[in-house]
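Report on the following structure.
Chain naming here is simple, since letters A, B, ... match the order of the sequence lines and numbering starts at 1 in each.
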Amino acid sequence: MVIRVQAEPFDYGQECASFAQSSKNSGAIVTFCGIVRDNDDASLSIMQIEHYPGMTERALSRIADEAQRRWALESCLIIHRFGALRPSEQIMMVATAARHRSDAFAAADFLMDYLKSRAPFWKKEITANGSEWVAAKASDEEALTRW
Amino acid sequence: MVIRVQAEPFDYGQECASFAQSSKNSGAIVTFCGIVRDNDDASLSIMQIEHYPGMTERALSRIADEAQRRWALESCLIIHRFGALRPSEQIMMVATAARHRSDAFAAADFLMDYLKSRAPFWKKEITANGSEWVAAKASDEEALTRW
Amino acid sequence: MTLEILYFAWVRERIGVPRESVETNAATVAHLLAELSAREDRYALAFSDLSALRVAIDQDLADFDSPLAGAREVAIFPPMTGG
Amino acid sequence: MTLEILYFAWVRERIGVPRESVETNAATVAHLLAELSAREDRYALAFSDLSALRVAIDQDLADFDSPLAGAREVAIFPPMTGG
């Protein structure tokens, strides 16, 4: 299990390649990558991501532990950035490796649902017209009831 | 939508990178990679993959069309190899891009379920003791009832 | 009519060829398989358990009772194991 | 006891500092927030709607009625938006 919280960009392709390389006997690899999406009117200048150093790593580790407890994972990776990101930059990724695809899919889906609502990150959108904190979505909270 | 059926290896990391690069406004990318897993007694020498040229591309395109009809995908990629593969080689991958993660996850999961049972590939395991066609699993057929 | 018949995986191995042209008047896939099975044992052996077989007509999955009228290519194979 | 209190996102902006040390005898998080709200308007403003807030004690998510006995660090923030 690898957890990285960092300001620097990560190389999604390279991370996928090395995760798959180190999980060669797993059979099934699932990865997710989250990308900063511009607003519909293309007004987003910066997505500022704040986090709670210390608690973030702790929360991510617990979420990953829970995924490993629920599914037969051979490995799992979470990378999450903080700081100022521009549209089309990669914010975060998760990767899971398992013998069977159903475990790899379910665990990655679970990690994402918990990351959204239970890891201490907050997003602020900065546009030419000002800045606004992104509100948590009811649908993200509801997604947790699936598990 | 990109469908590739090929004997040659593909570079999973590079494919993930270029898929994400070409889907920068999507917000959510999910990829799956299937790897030849050795037998528990490490006896697998070759996994021979046979397919039905012509029908394979047609079946994969239809499965991808169906995924795009069901979910709001911005792009999707399927690569599937045939021929003689060794343990730890990458057999196939899918990638999906969508505005929202739930669409990207569901579509990738759906593509995999249909690829398993409705795309004309057949696997034969070759070990030191002989060779055997891999039997379809009842669980793979049942998985289709989810959709 | 002349049909191109393709075999895959263990069906191909039991029949002994990957494809062949067959002259037939069979109305359905099931009739075609019965006709071939009556000709030679290797067909009878390969087609003895239809539940272990799948079929495609002109590269689309079909059923054993699908009509062959207008078909050019029929493929017989075991359940697929992709992915 | 002395508690280190951390604020994040718009809570931090309304309070005006990212963290501060507070001397308190509050039994629960809710009591602590009420105590701070009575001290200054900026706290009252930030804590007016508890349903818009989340809390962690010593870096674990907690409830407003969680006891503060033994706690060193309390964090107050809006619902998280990771991923």
Side-chain angles (χ1 to χ4, degrees), chain A residues 10-40 42 44 47 74 86-102 104-113 115-116 137 139-140 142-143 146, chain B residues 10-40 42 44 47 74 86-102 104-113 115-116 137 139-140 142-143 146:
Chain A
F10 60 91
D11 183 330
Y12 174 56
Q14 185 50 51
E15 296 294 342
C16 289
S18 59
F19 186 80
Q21 181 62 26
S22 66
S23 312
K24 291 197 276 200
N25 291 315
S26 281
I29 308 283
V30 170
T31 74
F32 177 92
C33 181
I35 297 172
V36 180
R37 194 153 49 81
D38 206 341
N39 294 331
D40 287 337
L44 184 65
M47 177 77 85
E74 298 189 334
R86 294 181 183 283
S88 89
E89 277 197 79
Q90 294 163 352
I91 306 178
M92 51 81 60
M93 71 171 286
V94 307
T96 55
R99 288 170 72 95
H100 303 292
R101 75 186 186 286
S102 57
F105 268 116
D109 203 357
F110 170 93
L111 288 174
M112 286 307 305
D113 277 357
L115 273 172
K116 281 274 166 186
K137 287 189 236 157
S139 60
D140 284 335
E142 279 156 26
R146 298 196 289 148
Chain B
F10 59 91
D11 182 330
Y12 174 55
Q14 185 51 50
E15 296 294 342
C16 289
S18 59
F19 186 79
Q21 180 63 26
S22 66
S23 313
K24 291 196 276 199
N25 292 314
S26 282
I29 307 283
V30 171
T31 74
F32 177 93
C33 181
I35 297 172
V36 180
R37 195 154 46 82
D38 206 342
N39 294 331
D40 288 336
L44 184 66
M47 177 76 85
E74 298 189 333
R86 293 180 183 283
S88 90
E89 277 197 79
Q90 295 163 353
I91 306 179
M92 52 80 62
M93 70 172 286
V94 306
T96 56
R99 288 170 72 95
H100 302 292
R101 74 187 188 285
S102 58
F105 267 116
D109 204 357
F110 170 93
L111 288 175
M112 286 308 305
D113 277 356
L115 273 172
K116 280 275 167 185
K137 287 189 237 158
S139 59
D140 284 334
E142 280 155 26
R146 296 196 290 149

Quick one: pull up CE in B:M93 and SG in A:C16 and give me the separation to the nearest 0.5 Å.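 Reported to 0.5 Å precision, the distance equals 8.0 Å.
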
Distance check, rounded to the nearest 0.5 Å: B:Q90 atom CD versus B:F10 atom CZ?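 Separation between the atoms: 5.0 Å.
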
Looking at residues at least two apart in the chain, or sitting in another chain, which of them share a side chain to side chain contact (heavy atoms under 4.5 Å, CB included) with A:S88?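 Residues passing side chain to side chain contact (heavy atoms under 4.5 Å, CB included) with A:S88: B:K24.
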
Mind checking side chain to side chain contact (heavy atoms under 4.5 Å, CB included) for A:A97 and listing every partner two or more places apart, or none if nothing turns up?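 Per chain and number, A:A97 pairs via side chain to side chain contact (heavy atoms under 4.5 Å, CB included) with A:F19, A:S23, A:S26, A:I29, A:S75.
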
Residues which pass side chain to side chain donor-acceptor pair (under 3.5 Å) with B:E89, listed by chain and number, not counting sequence neighbours: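 Scan of B:E89 (side chain to side chain donor-acceptor pair (under 3.5 Å), adjacent residues dropped) gives B:R81.
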
Where do A:V94 and A:M92 come nearest, in terms of heavy atoms and distance?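 Nearest pair, atom of A:V94 first, then A:M92: CG1-CE, 3.9 Å.
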
For chain B, find which of [options] contributes the most heavy-atom pairs closer than 4.5 angstrom.
| options | value |
| --- | --- |
| A:D109, A:T96, A:N25 | A:D109 |
| A:A95, A:S18, A:S102, A:A108 | A:A108 |
| A:K116, A:M112, A:R99 | A:R99 |

With only heavy atoms counted, which part of A:D113 is less than 4.5 Å from chain B, the side chain, the backbone, both or neither?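 For A:D113, backbone and side chain are both near chain B.
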
In terms of heavy-atom proximity below 4.5 Å to chain B, should A:E15 be classed as side chain, backbone, both, or neither?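 Neither; nothing under 4.5 Å.
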
Using a heavy-atom cutoff of under 4.5 Å, enumerate the residues of residues 31-40 of chain B that contact chain A, numbered in order, or state 'none'.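 Residues B:T31, B:F32, B:C33, B:G34, B:I35, B:V36, B:R37, B:D40 are the ones that qualify, each having a heavy atom under 4.5 Å from chain A.
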
Who wins among B:G27, B:G13, B:A17 for the most heavy-atom pairs under 4.5 Å with chain A?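 Ranked by contacts with chain A, first place is B:G27.
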
